[in-house]
Q: 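There's a structure below that I have some questions on.
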Amino acid sequence: MDAIPSWLDRLVAGGLLIPTGVDGLYGSGAALERVLDGLDALITRAGEADRPERVRFPPGASRSDFEASEYLKGFPHFAGTVHSFCGDERAHREVLRCVEVGEDWTVGQRATDIVLTPAACYPVYPMLARRGPMPAEGCLVDVLSWCFRREPSNEPTRMQMFRMREYVRIGSPEQVAAFRERWLERGQALVAALGLPHAIDLANDPFFGRVGRLLADNQRAQQLKFELLIEVNGTGAPTACLSFNYHLDHFGQIWRLALPDGTVAHTGCVAFGMERIALALFRHHGFDLAHWPETVRRVLWPKS
Ligand code: 5GP
Ligand code: ZN
């Protein structure tokens with residue numbers, strides 16, 4: 001008897017995900033890209049009344065900024081660093097020999113000053129810090145990045161490299177709280193307009209180790225992070241597709257982001273997991289875009 005194809009098998013057979021041979025590392029086919037483009041434009045429309053500043057960074061971030069961010073305190077297991085060959089001719093010959101005989105050719109590689117971006121908003125805070133004093137109304141930034149998290153898995157929603165779109169608010173505690181409230185509403189309205197059943201819940205981030213348990217407890221107790229969950233994998237365990245984050249003055253302290261009255265800025269962000277939301281659409285509406293509900297098609301592609 002033939003095995004029942006898994007959800008991942010179906011996504012690959014349908015040309016949506018293109019395997020690379022590495023778990024959690026995929027190319028995307030034309031239909032998935034079309035949905036991602038529609039989604040990106042939809043998120044832009046949902047936020048444009050607030051006139052965010054649009055910036056884009058490469059998927060590599062400054063290693064020293066990354067160290068300052070304290071990401072390693074909570075998530076050392078997710079971090080990805082860029083290493084590079086720094087040797088001489090003899091070292092080069094050794095690399096080629098290792099490749100030839102199947103030995104580890106990477107042992108002589110050295111860490112560069114670049115790490116892989118773990119979340120799209122990370123380069124935004126040092127960018128603002130380098131600009132100097134902030135205006136009274138604070139800042140609102142629109143950013144998108146390929147992100148990396150070292151979480152190999154054959155669950156299609158757990159990718160090692162994926163696209164994250166974010167709106168990032170920097171300002172007074174009241175401004176950031178109002179921003180998060182507004183996006184909790186907008187995020188649910190956006191997902192509802194896409195015909196996706198969803199729920200909001202407090203997040204349970206996978207912080208590392210024993211200290212991580214304390215960080216997770218604190219995050220929940222202070223209600224710092226909510227997630228919007230959608231059934232994507234067909235397992236009955238819904239997947240976090242958007243997150244609504246309040247960092248208190250964590251990044252404000254690190255980057256000395258000061259408001260005009262001299263107080264430290266608070267920050268928050270709303271993050272959209274682009275592939276996860278797109279895969280949720282394929283899960284709920286099928287693999288044939290032409291047969292998706294007309295209302296959903298109009299929301300995603302109003303001009304076509
Ligand atoms: P967070 O920073 O809240 O963990 O992630 C923000 C959003 O990125 C999540 O809500 C989710 O949609 C997306 N995301 C997080 N981890 C992964 C992952 O492993 N694969 C994919 N495709 N998206 C992810
Ligand atoms: Zn963020």
Side-chain angles (χ1 to χ4, degrees), residues 7-8 11 16-17 22-28 32 35-36 39 43 52 55 57 59 61 69 71 74-75 77-80 116-128 139-170 176 179-180 183-184 187-188 190-191 196 198-208 215-216 219 224-233 238-248 250-251 266-283:
W7 169 231
L8 177 59
L11 291 168
L16 299 172
L17 294 184
V22 176
D23 282 345
L25 191 69
Y26 307 103
S28 42
L32 177 54
V35 172
L36 288 165
L39 201 52
I43 295 167
V55 297
F57 288 92
S69 76
Y71 186 82
F75 306 104
H77 50 318
F78 288 170
L116 298 176
T117 302
C121 64
Y122 272 66
V124 168
Y125 314 108
M127 172 190 86
L128 294 176
C139 299
L140 175 65
V141 178
D142 161 355
V143 66
L144 176 142
S145 183
W146 277 94
C147 296
F148 174 85
R149 294 181 188 177
R150 178 70 185 153
E151 288 186 286
S153 164
N154 57 13
E155 186 185 287
T157 48
R158 184 142 321 278
M159 296 177 174
Q160 297 199 60
M161 287 189 162
F162 53 94
R163 280 164 271 192
M164 193 189 297
R165 175 91 184 262
E166 293 198 45
Y167 289 109
V168 192
R169 184 77 168 102
I170 304 94
V176 176
F179 162 86
R180 193 168 72 152
W183 273 105
L184 266 164
Q188 291 178 85
L190 186 148
V191 167
L196 299 171
H198 57 276
I200 298 282
D201 202 357
L202 267 180
N204 209 354
D205 267 358
F207 290 100
F208 184 78
L215 294 172
Q219 186 185 63
L224 298 180
K225 175 166 183 160
F226 291 94
E227 288 177 329
L228 186 150
L229 306 165
I230 310 174
E231 173 65 55
V232 187
N233 291 313
T239 302
C241 292
L242 280 72
S243 70
F244 310 87
N245 304 282
Y246 182 24
H247 318 118
L248 300 167
H250 174 78
F251 292 117
H266 283 220
T267 68
C269 61
V270 52
F272 298 82
M274 300 300 287
E275 286 82 1
R276 285 187 177 179
I277 305 171
L279 293 183
L281 284 158
F282 286 100
R283 157 67 62 189

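Remember, it's 1-based here, ligands and their atoms both numbered in the order they're listed.
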Q: Between Tyr122 and Tyr125, what is the ring plane arrangement, given parallel below 30°, perpendicular above 60°, and tilted in between?
A: perpendicular

Q: Kindly indicate, with the supporting measurements, whether the criterion side chain to side chain contact (heavy atoms under 4.5 Å, CB included) is fulfilled by Met164 and Cys269.
A: CA-CA 12 Å; Met164 193 189 297; Cys269 61; over 6 Å; no

Q: Counting only heavy atoms, which portion of Cys241 has something under 4.0 Å from ligand 1: side chain, backbone, both, or neither?
A: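 Within the 4.0 Å criterion, Cys241 contacts ligand 1 through backbone atoms alone.
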
Q: Can you tell me if Arg163 contacts ligand 1 (heavy atom of the residue under 4.0 Å from the ligand)?
A: no

Q: Glu275 to ligand 1: N or O pair under 3.5 Å?
A: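 No, since none of the N or O atoms of Glu275 sits under 3.5 Å from an N or O of ligand 1.
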
Q: For the backbone of Thr157 and the side chain of Arg276, can you confirm whether one donor and one acceptor N or O come within less than 3.5 Å of each other?
A: yes

Q: Using a 4.0 Å heavy-atom cut-off, say whether Leu242 meets ligand 1 through its side chain, its backbone, both or neither.
A: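 Backbone only; the side chain of Leu242 stays clear of ligand 1.
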
Q: Does some non-hydrogen atom of Ala240 fall short of 4.0 Å from ligand 1?
A: yes

Q: Does Asn245, backbone or side chain, put an N or O under 3.5 Å from an N or O of ligand 1?
A: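 By distance alone, the answer is no.
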
Q: So is there a nitrogen or oxygen of Met159 less than 3.5 Å from a nitrogen or oxygen in ligand 1?
A: yes

Q: Are any of the N or O atoms of Ala271 closer than 3.5 Å to those of ligand 1?
A: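 Looking only at distances, the answer is no, because the N/O contact criterion of under 3.5 Å is not met.
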
Q: Does the side chain of Thr267 come within less than 4.5 Å of His250's, by heavy atoms?
A: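 Result no, sub-4.5 Å side-chain heavy-atom pair not found.
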
Q: Heavy-atom distance under 4.5 Å between the side chains of Pro156 and Trp7, does that happen here?
A: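 When only atoms from C-beta onward are counted, Trp7 and Pro156 do touch, with a gap below 4.5 Å.
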
Q: Is the shortest N/O to N/O distance between Glu227 and ligand 1 below 3.5 Å?
A: no

Q: Give a yes or no answer on whether the side chain of Arg163 reaches the backbone of Glu275 with a donor-acceptor pair at less than 3.5 Å.
A: no

Q: Do side-chain atoms of His198 reach the backbone of Cys241 as a donor and acceptor pair under 3.5 angstrom?
A: no

Q: Taking the six-membered ring for Trp, are Phe78 and Phe75 parallel (under 30°), tilted (30 to 60°) or perpendicular (over 60°)?
A: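 Parallel: the ring planes of Phe78 and Phe75 meet at under 30°.
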
Q: Would you mind telling me if ligand 1 is within reach of the side chain of Met164, the backbone, both or neither, using heavy atoms under 4.0 Å?
A: side chain

Q: Taking distance alone, with N or O pairs closer than 3.5 Å, would you say Thr157 contacts ligand 1?
A: yes

Q: If you round to 10 degrees, what value do you get for the angle at the Zn ion (ligand 2) between Cys269 atom SG and Cys121 atom SG?
A: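 Angle SG(Cys269)-the Zn ion (ligand 2)-SG(Cys121): 130°, rounded to 10°.
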
